[in-house]
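Have a look at the structure below, then the notes.
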Amino acid sequence: MKIGIDSYCYHRFFGEVYPDQDAPAKQMTMEDFLDRARVLNVDGVSLESCFFPTLDDSYLSELKSRLDESGLDRVFAWGHPDGLERGQNPDAFQDMMTCIPKAVKIGADVMRVTGSSLMFRHEPHGPQIQALAKLFKEAMKVADDNGVKLAVENHIDYTGDEISQLLELVDSPNFGVNFDTGNFLRLLDDPIAAMDKIAPYVMAVHLKDLQINPKEAKPNDWFYFSGVPVGQGLVDNQALANRLNKENFTGFLAVEIDHPHADWRGREDEAVALSVAGLKEIVSSLA
C-alpha cells in the first residue's frame, strides 16, 4: 500500500490562516510542497485545488510534468471549504463540473469532491442527501466522459450510514469515497464501523490522527479533536488500513493535518514528517 500527503497540511503556508492561528513567517508554493513531498519520499500527493495559483491549462500542464518527473501519484482535491453546500449552491456545482477536465490536465484519475461541510451539519440531512445525489448523478456523466472517478469525502458533515446512502443513490461504479479517518470521529461516528460499510467504495484516503484539545477548544468546536502525528492519537488507523488492504485498495494513504493540537501549534511540518514515518510503520504491519 502506498503513502502520501495532502497539501492541506500546509494551509497556513498557502495563505489560509484560521482565526486562532498565527501567520507563518513565509509562504509556500505548490512547487515547494512537491519538493517537500520528494524529500519525505512519499508515493503520492493530494492537491487542494483552492491552493493552485491558477487553473489555466498551461500551469496545469507544467504541474503534471513536475508530478510525472517525481513519479508521484496524484488526486485532484476539489471542494474546500464547503463544497456543494448540501446541494444548494449552483455556482459551486458549475465550478466542480469545470474542474473535472482540469483533473485530467494534471494526470489525476481520481477527484476528491465534497458535498457539504460542518457549517450545515445541524440542518436535516435527508433532504441534503437527496439533493446531493441528484447533482452527483449529473456530474458522473461528465466524469465518465473524462475518465475521472469522483470520490466524495466525509467532510465533518455525514455519518457512515449517510455516506452509504449517498453511494446507493448515485449508483455509479466510478463514484466512491475519499475516506477521512478522523472526520467521522468528529461526528462521534465510529470510523471502524464506517469503514466496514464503505471499504469497497474507497478511492482515496485522508489519514488523520486526533487527540482531544481542551487547551484551545470547547467540546462543540469542530477542532475539539485536533491533529497529532499518526500513531499518537485516538484513531485506529492500523485497523482502517488493514480493512482497506483486504479490499485490495490501490490508492495511497494521504496524511492530512488540518488543525494541529495545541502541543503541535506551528509545528505542522514536523508533525507531517512524523506522520509519514508512522504511516510507513502501518503499511509494514498490514494484516
Side-chain angles (χ1 to χ4, degrees), residues 1-14 27-80 99-113 143 146-151 153 174 176-181 202-208 229-230 237 241 244-245 248-258 268-284 286:
M1 192 175 294
K2 296 174 285 188
I3 64 175
I5 310 171
D6 189 282
S7 60
Y8 199 72
C9 294
Y10 296 94
H11 63 83
R12 284 196 312 131
F13 299 88
F14 282 110
Q27 297 277 298
M28 173 181 273
T29 66
M30 192 61 65
E31 291 71 28
D32 293 333
F33 171 71
L34 295 182
D35 288 343
R36 185 59 178 146
R38 285 193 291 268
V39 169
L40 292 173
N41 194 29
V42 297
D43 305 302
V45 287
S46 177
L47 301 176
E48 300 284 340
S49 62
C50 60
F51 297 143
F52 287 5
T54 176
L55 289 174
D56 289 347
D57 288 352
S58 59
Y59 172 77
L60 296 179
S61 178
E62 292 176 7
L63 183 60
K64 180 182 183 299
S65 295
R66 285 178 176 269
L67 291 163
D68 291 345
E69 289 170 7
S70 300
L72 290 167
D73 288 356
R74 66 218 65 165
V75 169
F76 186 102
W78 177 91
H80 178 75
C99 281
I100 292 173
K102 301 293 185 182
V104 179
K105 295 292 184 181
I106 68 165
D109 63 357
V110 174
M111 177 171 159
R112 188 287 307 272
V113 295
N146 282 273
V148 175
K149 299 174 183 178
L150 299 186
E153 182 178 345
N174 292 323
V177 178
N178 186 115
F179 193 104
D180 190 298
T181 67
V202 174
M203 297 174 173
V205 175
H206 286 173
L207 198 135
K208 286 188 177 81
V230 171
N237 282 304
L244 284 173
N245 194 44
N248 298 312
F249 174 67
T250 58
F252 59 91
L253 309 175
V255 171
E256 186 187 32
I257 299 173
D258 47 18
E268 296 97 329
D269 188 58
E270 181 183 354
V272 168
L274 288 172
S275 292
V276 169
L279 259 181
K280 290 180 179 180
E281 291 183 10
I282 286 173
V283 169
S284 69
L286 285 171

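Since this is a predicted model, take the numbers as computed values, not measurements. Here, residue 1 is the first one in the sequence, and each next residue gets the next number.
We find the CD1-CE distance between I282 and M1 to be 10.0 Å, quoted to the nearest 0.5 Å. Annotation: the span from L150 atom CG to N178 atom CG amounts to 11.5 Å, rounded to 0.5 Å. Taken from CG in L244 to CG in L207, the straight-line distance is 9.0 Å, to the nearest 0.5 Å. Atom CZ in F252 sits 6.0 Å away from atom CG in D73 (nearest 0.5 Å). Rounded to the nearest 0.5 angstrom, S58 OG and K105 NZ are separated by 10.5 Å. Here CD1 of I257 is found 8.0 Å from CD of E268. Values are rounded to the nearest 0.5 Å.
Nearest heavy-atom pair across I100 and A143 is CG2-CA, 3.8 Å. Closest approach of D6 to F33, counting heavy atoms only: C-CZ, 4.0 Å. Of all heavy-atom pairs spanning C9 and V255, the tightest one is SG-O, 3.3 Å. Summarising the geometry of A108 relative to V148, their closest heavy-atom pair is O-CG2, 4.3 Å, with the distance given to 0.1 Å. Across L55 and F76, no two heavy atoms sit closer than the pair CD2-CZ, 4.3 Å. Between I3 and K280, the shortest heavy-atom contact is CD1-CG, 3.5 Å.
Counting heavy atoms from C-beta outward, L34 and L63 have side chains that approach closer than 4.5 Å. Counting only heavy atoms from C-beta outward, the side chains of Y10 and D269 approach each other to under 4.5 Å. A 4.5 Å side-chain heavy-atom check between V230 and E281 finds every atom pair outside the cut-off. Using a 4.5 Å heavy-atom cutoff, the side chains of L279 and V42 are not in contact. Put simply, the side chain of R112 reaches to within 4.5 Å of the side chain of H206, judged on heavy atoms. A 4.5 Å side-chain heavy-atom check between N237 and L253 finds every atom pair outside the cut-off. Side-chain contact between M111 and N146 is absent, with no heavy-atom pair separated by less than 4.5 Å. At a threshold of 4.5 Å between non-hydrogen side-chain atoms, the residues V205 and F249 count as touching.
Relative orientation of the F51 and Y8 rings is parallel, given thresholds of 30° and 60° on the angle between their planes.
Ring centers of H11 and F14: at least 6.0 Å apart, outside the cut-off.
For R12, the CZ atom sits in a packed shell: over 12 heavy atoms of surrounding residues, nucleotides or ligands are nearer than 6.0 Å. Within 6.0 Å of the CD atom in E270, the count of heavy atoms belonging to other residues, nucleotides or ligands exceeds 12. Atom NZ of K102 has more than 12 heavy atoms from other residues, nucleotides or ligands within 6.0 Å.
For the pair S70 (side chain) and L72 (backbone), a donor-acceptor distance under 3.5 Å is absent.
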Check the pair R74 / D109 against salt bridge (Lys or Arg N to Asp or Glu O under 4.0 Å), numbers first and verdict last. CA-CA 8 Å; R74 66 218 65 165; D109 63 357; over 6 Å; no
Please test S7 against E48 for side chain to side chain contact (heavy atoms under 4.5 Å, CB included), starting from the C-alpha separation and ending with a verdict. CA-CA 6 Å; S7 60; E48 300 284 340; 3.5 Å; yes
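A donor atom on one side chain and an acceptor atom on the other are found under 3.5 Å apart for T29 and D32.
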